[in-house]
Amino acid sequence: MDATAPEAGIPPHRYDAALAAEIESRWQAVWDASGVYQAPDPAGAPSSGRGSPDPKLFVMDMFPYPSGSGLHVGHPLGYIATDVYVRFKRMSGFNVLYTMGFDAFGLPAEEHARQTGQHPRINTEANIDNMRRQLDRLGLGHDKRRGVATTDVDYYRWTQWIFLQIFNSWFDPESRRARPISELVDEFSSGRRPAPGGRAWNELSEAERRGAVDSHRLAYVADAPVNWCPALGTVLSNEEVTNEGRSERGNHEVFERPLKQWMMRITAYADRLLEDLDRLDWPESVKTMQRNWIGRSEGAVISFPAASFRQLEMRPIEVFTTRPDTLFGTTYLVLAPEHPLVDELVAGAWPAGTPDSWTGGAATPREAVAAYRARASELSDADRSDSKSGVFLGAHAAVPFADSRVPVFVADYVLMGYGTGAVMGVPGEDQRDREFAEAYGLPVVRTVQAPPEHPGELAYTGDGPSINSRFLDGLDVEASKALILERLTEAGFGRHTVNYRMRDWLFSRQRYWGEPIPIVFDDLGPVALPDDMLPLELPELTDWAPRALARDSEPEPPLGRVAAWVGVETDLGDGPRRYRRELNTMPQWAGSCWYYLRYLDPRNDEALVDPAVELYWMADPEPGGVGGVDLYVGGVEHAVLHLLYARFWHKVLYDLGHVSGPEPFRRLINQGYIQAYAYKDARGVYVPAEEVEGSLREGFTHGGQPVARELGKMGKSLKNSVTPDDMYAAYGADTLRLYEMFMGPIHQDRPWETRSVVGSQRVLQRVWRNVVDEETGALRVTDEAPDDDLLRLLHRTVDGVRADMEGMRFNTAIAKLTELNNELTRRGTGAPREVADVLVRMLAPLVPHFAEELWHRLHGDGAGSVTQAEFPAADPALLADDAVEVPVQVNGRLRGRVTVAADADEEAAVAAALAEPNVAAHVGGRELRKQLYVPGRMITLVV
RNA sequence: GCCCGGAUGGCGGAACUGGCAGACGCAGCGGACUCAAAAUCCGCCGCCCGCAAGGGUGUGAGGGUUCGAAUCCCUCUCCGGGCACCA
């Protein structure tokens, strides 16, 4: 059968998928041609020339990676929500900036290129086109002039520019902000800041000066152990490695390798990143995750003089502790296996009387340590956590202010990457230390008086008076900390310190498909390319042959294969010289760190963004606020990485005067995920979800065989994908939009149920029928004024829908609109024109094509686009009824309802209640002990 | 282990700040229309008792505060997420 021919019995003008498709493509073409979604700037390049006195609003989705596998219905959930909100705000008089870009550098395109031999740009651009097509079909009201892709040369030119800004800055701890590196040089050369080694600046060699400056830069080269992932062919940042020591992407093995790498000094901003969280309108969970990630803890560094058996020279072991008050409970020290002092302190022979359990069965401490280290590097972190293990170094350390000498161990429960890589073992007050002490027979000394009910075999971490602690005895934990810190500082044994879990950001990637780092090297180190040499474009790479990515391989950047690119002769101000280029590229996070700024001014080739345009769009509506994007919507999986990196870059740009406020995103909402049922057969193999029959009650089957249902992510592996294209074909884009918004609150995960989508289509069909005759296509609206009941319902609906839209509670807004429409349907006469007009405007944000079609049918073409019509406002006079029905409780139980005047007082309400037969029966003539009237809400009687 | 969320009919969810639990939708049941079916329209729809009026009971479990608790407090169970030998 011809798909476009109406089926027998279906009215020719019914709102079905075919009609929806026709309406949708027609209006999309009109909107595109007329530019209704273009947001005018008050200044700057992309202005449409219209001045705008309206308040501004900047709304963004987290931009997507243009994947080759296309979208499923879960992807656009957040996009639909922002689009609805934006349309509502636009109709409420806001000048809204809303657009979409693509985060298009990254591994999949490069992997695809390796397999096909095709340049990643070709594949990337094809994917972008496909994704644009799928998103356009949804009718998202983006300002298309402003979209960017991070792979555009015009875009990454500015990513590189920002890199240079960071490279050419240092963090001044006194003013707690980034400053140009030239000001550091001035301070060194003027003597205001002492040069390294206490010598005069001009006495230093060129190499020494370069080294002093380079070590202060916010972007710097470090020779550090890195996370090398052979399967991905790149090193990864700490954030990209899971707790199990595998890559977050792909779950591949990761190995430590020492390597020269670019680092970003994000730790300098730790305190500001932490403090400013309090000023953000973000989900508390995301703030908590960032706080945990930063991991600020206050404590002390304490120095323990240590020496091995028969060694004369003492070497200080510095430990970090948050409990300096427990110093006198220290019964041993522990160094991390990788700690540099291990080799210096390890003894040649066991001291007399060393317990067997401390030796690891080795003949000498040196052998024991070597064996222990070898074993530690083999074990995964998960295996390590089972029980405490370690070996004795044959060395002892002196506890400050105490006469005791304590043994020094190496143990893998101490991590080199946190604090100083060494701890003081206090088994009385720390449970981990307690477990270690029990395993090796070390003494336990309590230094805080535990309450009598505290079990003796557990460490006590609570508050209480200090004991066994000399001058601290009797003081509580807080006071003990203060006093011991004072004494340690005086004696030179320690000091107060703040420690962070967060490390600097490893910024190099050994990949081709990323932004080249605009740096060259001479014999003394890195040299920035000048701004006028940007963009530094990726060279063509012809050698796509896959490299052996063995476990024992070494990192090798693909750009190193382009010989003509590696070595470069250029003039950077002191005549033509030969330089070596930086061969690494930037991580995928770089492009997403600042794309919101480029949306504001995408074609500016003088600056990354015009300052006046930036100020207009990023200004905080509240004076003194942090500014930034007014609403940012995206998945919670970016809670730490993307959102922390972007905040860091933004703060650097703020310090250097390139942006007007300290934060990039003032309000953040995490949209939930659409989950889908997946079905497994008896073998545990997933079967295509669309072929499964049955129900929860009667059981599910596939091909007659029973299958088990589970809820999971939508995707190929679970064979449960539903694509937007499927939904467009069966229902149309507006129905898909309405259904996705109706499923539940925006932040909540929810299971997809294709069979329920029809409900949203039926709602639209009923609206359609109340306005349009399905048989003739003629208008069905009446020119009669709505009666009082309908008018009041209309205004109550307007009032509620406005509030729900403002609060992004689109599910309840849709319910209210449905109720209004159901009332129109019940009347069966066609909608009064006034009601139809208001209803269509309220529907416009949710189902823009549908509303635009009805709007034009109602008003003709002279009324303009509904997207620019005014969102209805309720008449307050019509919100309050003269009489209200109020429930009556007797002794806390509902016994009836009475209708009273809206302004009735308590006496009148109670009198009305007592007149109600069922209420009277339950009161039974007894005396009222208490009466209460919550106006319009409840009458309560107590007898 | 610690820190965040959450638990409401067969299902998704609603109930604003303590005031009619279950809006709206799906599924189900009944009716009208139809030769019939689909579509549409009308109605019913937590559980128990009752012909009905009505009564009892009910928001994961137990306790508390209150005239009144899905909502506030305490204890517990389960589910989801984050962190986790972080000194």
Taking atom types as modelled, find out whether [X] and [Y] have a side-chain donor-acceptor pair closer than 3.5 angstrom.
| X | Y | answer |
| --- | --- | --- |
| A:Ser297 | A:Asn499 | no |
| A:Thr940 | A:Gln931 | no |
| A:Asp271 | A:Tyr500 | yes |

Assign each of A:Glu435 and A:Val758 the nucleotide of RNA chain B bearing its closest heavy atom; nearer the 5' end lies the nucleotide of A:Val758

When A:Arg827 and A:Ser760 are each assigned the nearest nucleotide of RNA chain B, the 5'-most assignment goes to A:Ser760

Any side-chain heavy-atom pair from [X] and [Y] closer than 4.5 angstrom?
| X | Y | answer |
| --- | --- | --- |
| A:Leu718 | A:Tyr677 | no |
| A:Leu280 | A:Leu277 | yes |
| A:Val722 | A:Met727 | yes |

Given atom [atom1] of [X] and atom [atom2] of [N], what is their separation to the nearest angstrom?
| X | N | atom1 | atom2 | value |
| --- | --- | --- | --- | --- |
| A:Arg291 | B:C3 | CZ | P | 15 Å |
| A:Trp752 | B:C26 | CH2 | C1' | 13 Å |
| A:Leu738 | B:C26 | CG | C1' | 14 Å |
| A:Glu823 | B:A23 | CD | P | 17 Å |
| A:Asn670 | B:C4 | CG | C1' | 13 Å |
| A:Gln431 | B:G1 | CD | C1' | 11 Å |
| A:Gln675 | B:C11 | CD | C1' | 15 Å |
| A:Leu277 | B:C4 | CG | P | 16 Å |

Side chain of [X] (C-beta onward), nearest among [options]:
| X | options | answer |
| --- | --- | --- |
| A:Arg769 | B:C41, B:G13, B:A87 | B:C41 |
| A:Val414 | B:A87, B:C26, B:A15 | B:A87 |
| A:Asn822 | B:C4, B:G13, B:C24 | B:C24 |
| A:Tyr418 | B:C85, B:C24, B:A87 | B:A87 |
| A:Thr322 | B:A87, B:C41, B:C24 | B:A87 |
| A:Glu753 | B:A87, B:C83, B:C11 | B:C11 |

Is it the case that the base of B:C24 and the side chain of A:Lys816 share a donor-acceptor contact (distance under 3.5 Å, atom types as modelled)?
no

When you measure from the side-chain N and O atoms of [X] to the phosphate of [N], is any distance below 4.0 Å, counting only OP1 and OP2?
| X | N | value |
| --- | --- | --- |
| A:Arg937 | B:G18 | no |
| A:Arg762 | B:A27 | yes |
| A:Arg755 | B:G12 | no |
| A:Ser297 | B:A87 | yes |

Need the pair for [N]. Rule: Watson-Crick or G-U wobble, both distances under 3.5 Å, any strand; none if unpaired.
| N | result |
| --- | --- |
| B:C83 | B:G1 |
| B:A36 | none |
| B:U57 | B:G46 |
| B:A27 | none |
| B:G18 | none |
| B:U66 | none |
| B:C78 | B:G6 |

Check: A:Gly494 main-chain N/O paired with A:Ser303 side-chain donor or acceptor under 3.5 Å
no

The complete set of side-chain hydrogen bond (donor to acceptor under 3.5 Å, both in side chains) pairs with one or both residues in residues 736-749 of chain A, sequence neighbours excluded, reads A:Asp83-A:Arg737

Per the under-4.0 Å heavy-atom filter, residues of residues 739-748 of chain A near RNA chain B come out as A:Phe742, A:Met743, A:Pro745, A:Gln748

Review point. Just checking, A:Arg501 and A:Trp293: is the charged tip under 6.0 Å from the six-membered ring centre and within 45° of the axis?
Key: yes

**Message:** Just checking A:Lys713: does its NZ atom have more than 12 heavy atoms from other residues, nucleotides or ligands closer to it than 6.0 angstrom?
**Reply:** no

Reading nucleotides 52-59 of chain B from 5' to 3' and marking B where a protein heavy atom lies under 4.0 Å of the base, S where only the sugar-phosphate is that close, and - otherwise, the string is --SSSS--

Counting primed atoms, P, OP1 and OP2 as sugar-phosphate and everything else as base, the B/S/- map of nucleotides 66-71 of chain B against protein heavy atoms under 4.0 Å is -BS---

Assert yes or no for the condition that the ring centre distance of A:Phe810 to A:Phe742 is strictly below 6.0 Å. no

Quick check on the 6.0 Å ring-centre criterion: do A:Phe409 and A:Phe436 meet it?
yes

Hits for salt bridge (Lys or Arg N to Asp or Glu O under 4.0 Å) against A:Arg796, two or more places apart or cross-chain, chain-then-number order -> A:Asp881

Report task. Determine the interatomic distance between P on B:C11 and the same-named atom on B:A61; round to the nearest Å. Result -> 15 Å

Per the O4'-C1'-N9-C4 / O4'-C1'-N1-C2 angle with a 90° window around 0, B:G9 comes out syn

Name every donor-acceptor pair, under 3.5 Å, that has one atom in a side chain of residues 757-765 of chain A and the other anywhere in the protein, sequence neighbours excluded.
from     : atom 1 : to      : atom 2 : distance (Å)
A:Gln765 : NE2    : A:Tyr15 : O      : 3.0

